[in-house]
Amino acid sequence: MKYNPTAIEEKWQKKWEDEKTFKATEDPAKPKYYLLEMFPYPSGKIHIGHVRNYTIGDVVARYKRMRGFNVLHPIGWDAFGMPAENAAIENKIHPAKWTHENISHMKKQLKRMGFSYDWDREVATCEADYYRWEQLFFIWMFEKGLAYKKRSSVNFCVKCDTVLANEQVESGLCWRCGTDVTEKVLDQWFFKITAYIDELLAYCDKLPGWPERVMTMQKNWIGKSTGCLVDFPRDDGQGAISVFTTRQDTLFGATFMLVAAEHPLVTQLASGKPCEKDVAAFVDKVKKQDKLMRTSEYYEKEGLFLDAYCINPLTGWKMPIYAANFVLADYGTGCVMAVPTHDQRDFEFAQKFNLQRVVVISPKDRTLDPATMTEAYVDEGVLVNSGPFNGMINTKALEDIADYLEAEGKGKRTIQYRLRDWGISRQRYWGAPIPMINCDQCGIVAVPEKDLPVVLPENVTFSPEGGSPLASLAEFVNTSCPKCGGSARRETDTMDTFVESSWYFERYCSPKHGIKPGLDRKALDYWMPVDQYIGGIEHAILHLLYARFYTKVLRDMGVVGVDEPFTNLLTQGMVCKETMKCPEHGYLFPEQGAGGKCAICGKDVILGKTEKMSKSLKNVIDPDFLVKTYGADTARMFCLFAAPPEKDLEWSEQGVDGSFRFLGRLWRIFDEYLEDIKPIAPVSGHPALADDLKTLRRKTHQTIAKVTQDIEDRFHFNTAISAVMELVNALYGVKRPDQTDQLALSVIREALEAAILLLTPIVPHMTEELWQILGHEKCASDMSWPVCDSAIASEDEMTIVIQINGKLRSRLTVPVDEPEEKIKACALADEKILSFLAGANVMKVIYVPKKLVNIVAK
RNA sequence: GCGAGAGUGGCGGAAUUGGCAGACGCACUGGACUUAGAAUCCAGCCCGCCUUGCGGUUAGGGGUUCAAGUCCCCUCUCUCGCACCA
């Protein structure tokens with residue numbers, strides 16, 4: 001009997017499909033477990049990253065099922081997005097067709113991997129059945145002021161021809177294509193994520209099941225800082241300039257004012273003055289400079305005096321006002337009070353423009369001289385030159401100065417955030433239409449609920465010049481106003497695709513629910529929240545923050561009953577592989593560089609760094625190839641064995657061979673014993689056993705304990721697999737018992753059955769097959785998880801290590817119940833120990849129960 | 001620059017609470033089987049040496065401890081995140 005993965009895998013996959021083995025139904029009698037992996041974008045084919053992500057999830061789902069949980073393990077498609085539209089432009093294929101073809105292909109690939117999804121809950125976000133509810137939620141958000149339209153300067157990617165949210169700009173570049181992001185002023189729809197900012201932040205400390213690192217990233221992104229708004233009256237009497245500061249303790253040292261170059265105040269202050277022209281030129285320059293500045297290594301601090309002054313509210317000093325390139329227009333008020341002695345940026349600026357410096361914080365060990373300082377003093381110290389606050393520790397004075405400002409009416413406490421509202425308008429076709437209508441008479445009017453969904457029209461034309469195809473489709477655009485009945489225009493922007501992925505996990509709970517609001521509260525109350533969410537770290541901010549926000553919005557609409565969508569989060573590492581390059585032909589695919597020679601020209605291949613698998617580096621492995629060559633079980637096993645899930649996984653062909661070999665090894669030992677053990681039941685109870693059988697049985701139960709712990713406590717499948725490998729090795733090590741030795745064979749059968757059941761979540765096809773061959777009627781995956789009998793697992797002897805001064809010198813084998821005193825005595829009487837101790841004095845003997853004896857000697 | 005994490009054989013990785021460093025696998029070496037190979041099975045496999053044994057070894061240095069890969073301090077390297085946020 002040979003191991004034939006293809007035949008076995010296809011057989012079981014067909015059975016799972018025909019019998020809907022993994023269909024999930026709400027059952028209040030059973031504890032639920034909602035396991036979710038981030039759903040894929042249907043780009044065409046699954047890649048190794050998917051295989052890894054979904055294998056990890058599948059093991060947990062199958063494991064939990066065997067542990068008696070009612071498991072929900074759904075899958076679907078993040079089906080709106082730009083690649084479909086780009087394909088439409090390039091290949092003249094409609095995005096809907098392209099998407100559906102990709103889905104059907106990838107669905108086959110996922111099924112071929114043997115993932116235990118409830119396919120009846122499959123969802124594709126590009127279907128009107130899905131996004132109609134999103135449109136309903138949009139209208140409700142609009143009514144509550146959580147969705148609003150605003151003319152604003154936005155991040156624009158020329159290549160993608162659309163707007164990007166702040167989160168989607170990575171060091172000045174588009175997160176998707178890496179093009180420089182430019183600024184554009186457009187009317188945009190926003191979701192008021194800032195309305196939930198405090199709750200989003202507060203829960204960062206209430207989600208212990210999330211990786212610290214992700215929470216830190218979210219906290220940083222939200223960027224809460226507490227401080228004061230302080231008013232600096234203008235000396236021309238035209239009101240005051242308000243600034244935000246977290247350092248009101250340095251207020252007495254503020255000697256000049258900085259305003260962001262883009263700030264309207266800049267041109268306003270300069271207007272009509274001799275400097276007006278220069279200022280205009282400066283503003284222009286900075287605006288152009290902006291995106292370069294963000295990406296360059298260091299910035300030249302530049303500024304221009306605006307020939308204007310304001311008054312320091314505490315000292316009464318006249319402060320010159322400068323426009324500066326390094327002040328952010330959209331943080332705080334866009335204006336900053338400058339304290340050159342205690343802020344490095346201000347220090348440099350003051351040096352360049354020769355501006356006044358006053359020390360207000362004095363270090364404990366020396367005195368600062370503003371004339372000779374070479375850098376700002378930013379540490380703690382005692383306040384000086386600070387009127388009534390002199391002598392106080394600056395960090396302690398923060399509250400007192402805030403009180404003082406409020407009492408004097410010169411400022412007030414305030415909190416600033418880095419997080420901005422989420423811009424969700426996209427000038428693209430392949431997305432969910434925003435259900436709004438613009439009427440000249442009535443303004444912005446929501447599409448009435450009864451008219452939903454606003455279906456994305458199919459008959460559009462795509463052009464390489466870009467621009468939204470919706471905007472040029474008259475029959476879509478032209479409509480009548482729901483309020484006044486007059487002619488009106490539809491909104492032609494579509495929603496950011498991150499909106500769809502912000503609630504798909506809720507839709508999975510009632511995927512076919514066709515009644516408003518598209519989510520069945522009863523089903524949601526049963527399944528939500530997601531107990532375990534698994535996906536890539538790249539979504540640490542974007543998707544995970546949006547989904548948290550959206551869930552809170554739905555909660556406040558009464559649609560969902562939970563505060564947070566994901567209780568536990570596992571961020572799996574990337575799949576990496578070394579790159580190969582031909583001096584002539586550039587990067588090579590693995591098969592082109594096999595054998596160290598370029599397949600095209602025969603030149604020696606240069607091996608490069610190990611990097612994340614990507615098409616552009618060509619260091620990719622095709623899952624189809626893996627499945628064809630080794631089978632899905634091997635592919636699954638290698639993904640789990642090569643590294644723990646949260647770490648990057650380095651792909652190795654030999655490693656895959658190794659996994660395949662192990663499965664063959666299990667298969668063969670099984671095959672070898674099959675005839676003999678088939679009629680025999682696994683050993684039960686506690687019969688007396690000969691030494692090697694007793695050892696095997698102990699190993700069996702120890703393995704059960706180890707694998708259970710590794711999966712349950714920390715998802716370390718690599719060590720779980722190696723434990724089963726050890727058990728299989730032990731089986732190989734046992735002398736083949738006589739065919740008539742029923743007791744011995746029953747011990748072997750127990751060991752083999754344990755190995756099979758423990759591997760069921762990991763390599764489900766092979767284990768089902770072996771289980772069936774053994775004569776079981778029930779499927780392995782319907783069995784309950786094996787239980788370790790600790791009486792069998794426990795050793796009756798133990799090895800005690802004997803150390804002298806912490807160095808290993810000898811070993812002792814004693815019964816487990818041997819008393820401490822006797823062990824110590826034996827250790828001291830040990831022949832090797834005696835020879836080492838010759839002439840030395842024993843100072844102390846330490847016994848660590850069941851582990852070691854350490855003799856301290858001089 | 002700031003913040004977080006990591007650094008263990010030729011390689012991927014193990015060592016869960018301070019207690020035998022290197023589980024398991026890969027690669028390599030040898031043996032068995034075979035006409036031969038593949039496959040398989042068995043064995044060896046951190047480094048050094050005066051090789052039944054001894055010494056060294058968890059990036060480097062110091063410390064705490066009977067005992068440190070693990071705890072503390074310093075230095076180096078790498079990865080990730082943030083990066084003029086006032």
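By convention in this document, chain letters (A, B, ...) are assigned in the order of the sequence lines, proteins followed by strands, and residues within each chain are numbered from 1.
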Next on the checklist: For the residue pair Arg665(A) and Phe670(A), would you count it as a cation-pi contact if the rule is NZ or CZ under 6.0 angstrom from the ring centre and within 45 degrees of the ring axis?
Outcome noted: no
Checklist entry - How is Arg809(A) classified with respect to the nucleic acid when contacts are heavy atoms under 4.0 Å: base, sugar-phosphate, or nothing? => result sugar-phosphate
Item to check | Side chain of Tyr331(A) (C-beta onward), nearest among C85(B), C84(B), C20(B) | outcome: C85(B)
Item to check | Arg418(A), nearest nucleotide to its side chain (from C85(B), C42(B), A86(B)) | outcome: C85(B)
Checklist entry - How far, in whole Å, is U16(B) from U70(B) if one measures between their P atoms? => result 13 Å
Checklist entry - Does atom NZ of Lys352(A) have more than 12 heavy-atom neighbours from other groups under 6.0 Å away? => result yes
Checklist entry - Between G69(B) and A23(B), how far is it from one C1' atom to the other, in whole Å? => result 15 Å
Checklist entry - Between the base of C20(B) and the side chain of Lys851(A), is there a donor-acceptor distance below 3.5 Å? => result no
Checklist entry - In whole angstrom, what separates Gln803(A)'s CD from C66(B)'s P? => result 14 Å
Checklist entry - Charged N to carboxylate O below 4.0 Å: is that the case for Lys850(A) and Glu820(A)? => result no
Next on the checklist: Tell me if G9(B) is syn or anti. Syn = glycosidic torsion within 90° of 0, anti otherwise.
Outcome noted: syn
Next on the checklist: What is the separation between atom NZ on Lys2(A) and atom C1' on U40(B), rounded to the nearest whole Å?
Outcome noted: 13 Å
Next on the checklist: Considering every strand and a 4.0 Å limit on heavy-atom distances, what is the contact class for Arg213(A): base, sugar-phosphate, or nothing?
Outcome noted: sugar-phosphate
Item to check | Distance, rounded to the nearest Å, where Lys219(A) contributes NZ and C82(B) contributes C1' | outcome: 15 Å
Next on the checklist: A quick test of your reading: do over 12 heavy atoms of other residues, nucleotides or ligands sit less than 6.0 Å from CZ of Arg213(A)?
Outcome noted: no
Checklist entry - What string of B, S and - do you get for nucleotides 22-32 of chain B, 5' to 3', when a contact is any protein heavy atom under 4.0 Å? => result -BBSSS-----
Checklist outcome for this item: Among the nucleotides G19(B), U16(B), A14(B), whichever has the atom closest to the side chain of Gln709(A) is U16(B)
Checklist outcome for this item: Result for side chain to side chain contact (heavy atoms under 4.5 Å, CB included) between Lys706(A) and one of Val724(A), Leu727(A), Leu758(A), Thr719(A) points to Thr719(A)
Checklist entry - Between G25(B) and A43(B), how far is it from one P atom to the other, in whole Å? => result 12 Å
Checklist entry - Rounded to the nearest Å, what distance is computed from the OH atom of residue Tyr3(A) to the P atom of nucleotide U40(B)? => result 14 Å
Checklist entry - Got Val59(A) and Ile762(A) here, is their nearest side-chain heavy-atom distance under 4.5 Å? => result yes
Item to check | Watson-Crick or G-U counterpart of G9(B), or none if no pair lies under 3.5 Å | outcome: none
Next on the checklist: Nearest to the Ile846(A) side chain among U40(B), C84(B), C66(B), which nucleotide is it?
Outcome noted: C66(B)
Next on the checklist: So, does Lys577(A) get its side chain near the phosphate of G12(B), meaning an N or O under 4.0 Å from OP1 or OP2?
Outcome noted: no
Checklist entry - Ignoring hydrogens and angles, are the base of U16(B) and the side chain of Lys706(A) linked by a donor-acceptor pair under 3.5 Å? => result yes
Item to check | Watson-Crick or G-U wobble partner of G44(B), both distances under 3.5 Å | outcome: C28(B)
Checklist entry - With a non-hydrogen cut-off below 4.0 angstrom, is Val339(A) in contact with a base, only sugar-phosphate, or nothing? => result nothing
Checklist outcome for this item: Ranking G12(B), A86(B), C84(B) by distance to the side chain of Phe326(A), first place goes to C84(B)
Next on the checklist: Nearest whole Å is fine: how far is C82(B) P from Glu538(A) CD?
Outcome noted: 13 Å
Checklist outcome for this item: Nearest-nucleotide check on RNA chain B, Arg811(A) vs Phe244(A); residue mapping nearer the 5' end is Arg811(A)
Next on the checklist: Work out how far the C1' atom of A38(B) is from that of A32(B), and round it to whole angstrom.
Outcome noted: 16 Å
Checklist entry - Does Arg811(A) come within less than 4.0 Å of Asp830(A), counting only side-chain N to carboxylate O? => result no
Item to check | Counter-base of A68(B), judged by Watson-Crick or G-U geometry with both distances under 3.5 Å | outcome: none
Checklist entry - Pro644(A) has a side chain; which of U16(B), G13(B), C85(B) sits nearest to it? => result G13(B)
Checklist entry - Taking the C1' atom of each, how far is G55(B) from C50(B), in whole Å? => result 12 Å
Next on the checklist: Any strand counts, and the cut-off is 3.5 Å on both contacts for Watson-Crick or G-U wobble. Which nucleotide pairs with A59(B)?
Outcome noted: U75(B)
Next on the checklist: Using the P atom as the point on both nucleotides, what is the distance between G13(B) and U8(B), in whole Å?
Outcome noted: 9 Å
Checklist entry - A14(B) P sits how many Å from Asp710(A) CG, rounded? => result 10 Å
Checklist entry - So what does Lys224(A) touch, heavy atoms closer than 4.0 Å: a base, only the sugar-phosphate, or nothing? => result nothing
Checklist entry - Are any of the side-chain heavy atoms of Arg357(A) and Gln351(A) separated by less than 4.5 Å? => result yes
Next on the checklist: Looking at G1(B), which nucleotide sits across from it as a Watson-Crick or G-U wobble partner, both distances under 3.5 angstrom, or is there none?
Outcome noted: C82(B)
Checklist entry - Are Lys824(A) and Tyr847(A) in a cation-pi setup, meaning NZ or CZ lies under 6.0 angstrom from the ring centre and within 45 degrees of the ring axis? => result no
Next on the checklist: So Val848(A), base contact, sugar-phosphate only, or nothing? Heavy-atom distance under 4.0 Å.
Outcome noted: base
Checklist outcome for this item: Applying the 3.5 Å cut-off to both distances, the Watson-Crick or G-U partner of C49(B) turns out to be G53(B)
Next on the checklist: Distance check, P atoms only: A59(B) and U51(B), in whole angstrom units.
Outcome noted: 31 Å
Checklist entry - Taking only side-chain nitrogens and oxygens of Tyr732(A), does any of them come within less than 4.0 Å of OP1 or OP2 of C42(B)? => result no
Checklist entry - Phe836(A) has an atom CZ; how far is it from atom C1' of C66(B), in whole Å? => result 18 Å
Checklist entry - Within a strict 4.5 Å, meaning less than it, do heavy atoms of the Asn619(A) and Ser614(A) side chains meet? => result yes
Next on the checklist: Using the C1' atom as the point on both nucleotides, what is the distance between G60(B) and G7(B), in whole Å?
Outcome noted: 11 Å
Checklist entry - When you measure from the side chain of Thr333(A) to the backbone N and O of Ser242(A), does any donor-acceptor pair fall under 3.5 Å? => result yes
Checklist entry - Across all strands shown, which nucleotide pairs with U34(B) by Watson-Crick or G-U wobble geometry, both distances under 3.5 Å? => result none
Checklist outcome for this item: Note: for Lys844(A) and Gly223(A) on RNA chain B, the residue whose nearest nucleotide lies more 5' is Lys844(A)
Checklist outcome for this item: In whole angstroms, the gap separating C1' of A4(B) from CH2 of Trp221(A) amounts to 18 Å
Next on the checklist: Need the pair for U16(B). Rule: Watson-Crick or G-U wobble, both distances under 3.5 Å, any strand; none if unpaired.
Outcome noted: none
